[in-house]
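Atoms considered below: every heavy atom in the structure, side chains included; atoms not considered: hydrogens, waters and symmetry mates.
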Amino acid sequence: MEKIMNQGLNDQQVQERIEKGQVNISKDNISKTKGQIIREHTLTYFNGLNLFLAAIIISTGYFTNLTFVCVVLCNTVIGIYQEFKVKAVIDKLSVVTVAKVKVVRNQELKPIPVEELVIDDIVFLENGNQIGSDCQVLLSHGMEVNEALLTGESEPIKKENNDELLAGSFVVAGSGYDKVIRVGNDNYSTQLVQKAKHKNKASSQMKDSIEKVIKILSVVIIPVGCILFASQMVAYPDDRGMAIVKTAGGVIGMIPEGLVLLTSLSFILGVGKLAVKKALVQEMEAIEALARGDVLCLDKTGTITTGE
């Protein structure tokens with residue numbers, strides 16, 4: 001026991017490791033910022049085209065003809081709202097929930113916040129404690145650990161001297177002194193959370209097709225708009241503003257705005273139904289991918305014992 005106490009760090013050694021960044025703080029945030037989410041849903045080709053037409057109408061002073069902008073706003077708000085909800089859930093993802101741990105410092109045992117753990121700290125763990133950082137067992141007194149949160153294995157695992165302990169697992173029997181070997185982003189549990197937060201861009205054949213149509217139309221709109229404007233100037237030779245509004249109205253009718261909004265609404269309804277069943281959808285487009293699936297394969301882990 002005296003040998004273990006002598007292996008504990010002193011204040012100077014702790015400070016040296018903090019200056020090197022060897023402290024138990026996860027610095028990167030995998031989820032998007034609110035600014036990124038807003039930019040992704042506002043700076044789109046569809047929005048840009050509609051806002052360009054809206055600017056033309058505003059220049060004429062016929063503000064009552066801007067009702068089509070409501071479709072753009074609704075579509076944008078739906079996407080931002082859904083991603084904000086997902087971000088709130090993702091940011092809360094954490095395997096390690098313990099607030100304080102007992103460490104040997106200056107040859108005495110004292111509790112500290114788990115975020116203040118540094119490399120080579122000596123941690124004392126006993127029955128009921130959660131492991132706050134990856135460690136190596138120095139002295140085990142019949143220690144057994146439950147690693148179900150990390151591996152899915154529900155049976156306790158006996159830990160002997162020199163065995164590894166993973167952050168996020170729980171001591172269910174015995175006690176022991178353990179040396180911190182990994183902190184922060186290097187912890188196995190942190191890497192698991194990062195994988196859970198990471199997502200591949202969901203693809204949607206419906207949205208891809210609509211965007212392709214809009215891009216083609218944006219090219220067609222230019223000559224068609226010129227022809228429409230010329231014809232409207234003949235009809236309204238003394239009212240250029242009205243000619244512009246009529247032209248814009250004809251051009252806007254070529255853009256499938258209702259289809260874009262209905263697609264978003266159908267996605268958000270699907271997301272809502274899955275949310276009731278406690279399923280998290282990170283991107284609305286994933287609803288379409290799920291709808292196209294015929295077979296769902298699940299892997300049985302050690303924590304599932306009833307086949308349900």
Visitor: If two hydrophobic side chains count as joined below 4.5 Å and joins carry through other members, does Tyr177 share a cluster with Ile157?
Guide: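 No, it is not one cluster - the side chains of Tyr177 and Ile157 are not joined through contacts under 4.5 Å.
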Visitor: I want to check something: taking the side chain as every heavy atom from C-beta on, are Arg17 and Val23 in contact at a cut-off of under 4.5 Å?
Guide: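 Not in contact.
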Visitor: When hydrophobic residues are tied together by side-chain contacts of less than 4.5 Å, even through go-betweens, does Leu66 share a cluster with Val77?
Guide: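 No, no single cluster joins them.
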Visitor: One pair to check against side-chain contact (heavy atoms from CB on, under 4.5 Å): Lys34 and Phe84. What are the steps and the verdict?
Guide: CA-CA 7 Å; Lys34 290 184 177 180; Phe84 273 11; 3.9 Å; yes
Visitor: Is it possible for you to say whether Ile181 and Leu139 belong to one hydrophobic cluster, with membership spreading through side-chain heavy-atom contacts below 4.5 Å?
Guide: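 They do not share one cluster, since no chain of ILVMFWY contacts under 4.5 Å joins Ile181 to Leu139.
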Visitor: Counting C-beta onward and ignoring hydrogens, is there a side-chain heavy-atom pair between Leu9 and Asp121 closer than 4.5 Å?
Guide: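 They are in contact (side-chain heavy atoms under 4.5 Å apart), so the answer is yes.
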Visitor: I need the Glu115 CD to Lys100 NZ distance, nearest 0.5 Å.
Guide: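 Separation between the atoms: 10.5 Å.
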Visitor: Testing Ile131, Asp163, Leu125, Val137 one by one against Val145 for a side-chain contact (heavy atoms from CB on, under 4.5 Å), which residue passes?
Guide: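 Among Ile131, Asp163, Leu125, Val137, the one that satisfies the side-chain contact (heavy atoms from CB on, under 4.5 Å) with Val145 is Ile131.
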Visitor: Hey, is the main chain of Gly184 close enough, under 3.5 Å, to the side chain of Asn24 for a donor-acceptor pair?
Guide: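 Looks like yes, one N/O pair under 3.5 Å.
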Visitor: To check you understand the geometry: which heavy-atom pair defines the closest contact between Gly128 and Phe170, and what is its length?
Guide: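 That would be O-CD2, 4.3 Å.
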Visitor: I need the minimum non-hydrogen distance between His41 and Thr76, along with the two atoms involved.
Guide: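 Heavy-atom minimum between the residues: O-CG2, 3.4 Å.
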Visitor: Would you say the side chain of Ser133 lies within less than 4.5 Å of the side chain of Val114, judging by non-hydrogen atoms?
Guide: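 Result no, sub-4.5 Å side-chain heavy-atom pair not found.
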Visitor: Under 3.5 Å, side chain of Gln13 to main-chain N/O of Asn10, donor-acceptor pair present?
Guide: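 Between the backbone of Asn10 and the side chain of Gln13 there is a qualifying donor-acceptor contact (under 3.5 Å).
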Visitor: Tell me, with the steps shown, if Arg292 and Glu288 meet salt bridge (Lys or Arg N to Asp or Glu O under 4.0 Å).
Guide: CA-CA 6 Å; Arg292 294 177 185 275; Glu288 182 183 343; 2.6 Å; yes
Visitor: Please report the shortest heavy-atom distance between Val183 and Gln22, naming the atom on each side.
Guide: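 That closest heavy-atom pairing would be CG2-C, 3.7 Å.
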Visitor: CD of Gln232 to CG of Asp239: how many Å apart, nearest 0.5 Å?
Guide: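 Spacing of CD (Gln232) from CG (Asp239) equals 10.5 Å.
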Visitor: Test Ile287 against every option in Leu274, Ile268, Leu269 by the side-chain contact (heavy atoms from CB on, under 4.5 Å) rule and name the one that passes.
Guide: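 Testing each of Leu274, Ile268, Leu269 against Ile287, the sole residue satisfying side-chain contact (heavy atoms from CB on, under 4.5 Å) is Leu274.
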Visitor: Do the side chain of Asn47 and the main chain of Thr42 share a donor and acceptor less than 3.5 angstrom apart?
Guide: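 Yes.
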Visitor: Supply the atom-to-atom distance Thr247 OG1 to Ile252 CD1, rounded to the nearest 0.5 angstrom.
Guide: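 The distance works out to 10.5 Å.
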Visitor: Does the side chain of Leu117 come within less than 4.5 Å of Val103's, by heavy atoms?
Guide: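 A side-chain contact exists here, since the closest heavy-atom pair is under 4.5 Å.
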Visitor: Nearest heavy-atom pair of Ser189 and Ala167: which atoms, and what distance?
Guide: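 Shortest heavy-atom contact: CB-O, 3.3 Å.
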Visitor: Contact between Ser175 and Asn129 at the side-chain level, heavy atoms closer than 4.5 Å - yes or no?
Guide: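 No - every pair of side-chain heavy atoms lies 4.5 Å or more apart.
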Visitor: Taking atom CD of Gln12 as the centre, does the number of heavy atoms from other residues, nucleotides or ligands within less than 6.0 Å exceed 12?
Guide: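 No - once you tally the heavy atoms of other residues, nucleotides and ligands closer than 6.0 Å, there are 12 at most.
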Visitor: Check the pair Asn106, Asp11 against side-chain contact (heavy atoms from CB on, under 4.5 Å), reporting the backbone distance first and the verdict last.
Guide: CA-CA 7 Å; Asn106 299 314; Asp11 292 338; 2.9 Å; yes
Visitor: To the nearest 0.5 angstrom, please state how far the CD1 atom of Ile78 sits from the CG atom of Leu73.
Guide: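 Separation between the atoms: 11.0 Å.
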Visitor: If Ile, Leu, Val, Met, Phe, Trp and Tyr residues are connected whenever their side-chain heavy atoms lie under 4.5 Å apart, and connections chain through other members, are Ile58 and Leu49 in the same group?
Guide: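 Linked, Ile58 and Leu49 end up in one cluster.
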Visitor: Give, for atom CG of Leu109 and atom CD1 of Ile122, the distance between the pair rounded to the nearest 0.5 Å.
Guide: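 Going from the CG atom of Leu109 to the CD1 atom of Ile122 covers 11.0 Å.
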Visitor: Suppose the criterion is ring-ring contact (aromatic ring centres under 6.0 Å, His included): which pairs have a residue in residues 265-285, not counting sequence neighbours?
Guide: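 The answer is none; no pair qualifies.
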Visitor: Establish whether Val172 and Phe124 are linked, either directly or via other cluster members, by ILVMFWY side-chain heavy-atom contacts under 4.5 Å.
Guide: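 Val172 does not cluster with Phe124.
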Visitor: Any side-chain hydrogen bond (donor to acceptor under 3.5 Å, both in side chains) pairs touching residues 258-275, not counting sequence neighbours?
Guide: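 Sorted pair list: Asn75-Ser264.
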Visitor: Do the side chain of Lys159 and the main chain of Glu164 share a donor and acceptor less than 3.5 angstrom apart?
Guide: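 Yes: the side chain of Lys159 pairs with the backbone of Glu164.
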Visitor: With a 4.5 Å heavy-atom cut-off, do Ile112 and Arg105 have their side chains touching?
Guide: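 Ile112 reaches Arg105 side chain to side chain.
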Visitor: For Ala54 and Val69, which heavy atoms make the closest approach, and how far apart are they?
Guide: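 Closest approach of Ala54 to Val69, heavy atoms only: CB-CG2, 3.9 Å.
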Visitor: Please check if atom OH in Tyr45 has more than 12 non-hydrogen atoms from other residues, nucleotides or ligands closer than 6.0 Å.
Guide: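 Correct, the count exceeds 12.
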Visitor: Which heavy atom of Ala173 sits nearest to which heavy atom of Asn127, and what is that distance?
Guide: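 The answer is N-OD1, 3.7 Å.
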Visitor: Could you go through Ile221 and Ile255, starting from their C-alpha distance and side-chain angles, then the distance that decides it, and tell me whether this counts as side-chain contact (heavy atoms from CB on, under 4.5 Å)?
Guide: CA-CA 9 Å; Ile221 278 172; Ile255 304 172; 4.1 Å; yes
Visitor: Any donor and acceptor pair, going by atom type alone, linking the side chain of Arg182 with main-chain N or O of Asp134 inside 3.5 Å?
Guide: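 Absent.
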Visitor: Rounded to the nearest 0.5 Å, what's the gap from CE on Met143 to NE2 on His141? Could you check?
Guide: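 Separation between the atoms: 8.5 Å.
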Visitor: So, Asn185 and Thr190: side-chain donor and acceptor under 3.5 Å apart, yes or no?
Guide: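 No, Thr190 and Asn185 have no side-chain donor paired with an acceptor closer than 3.5 Å.
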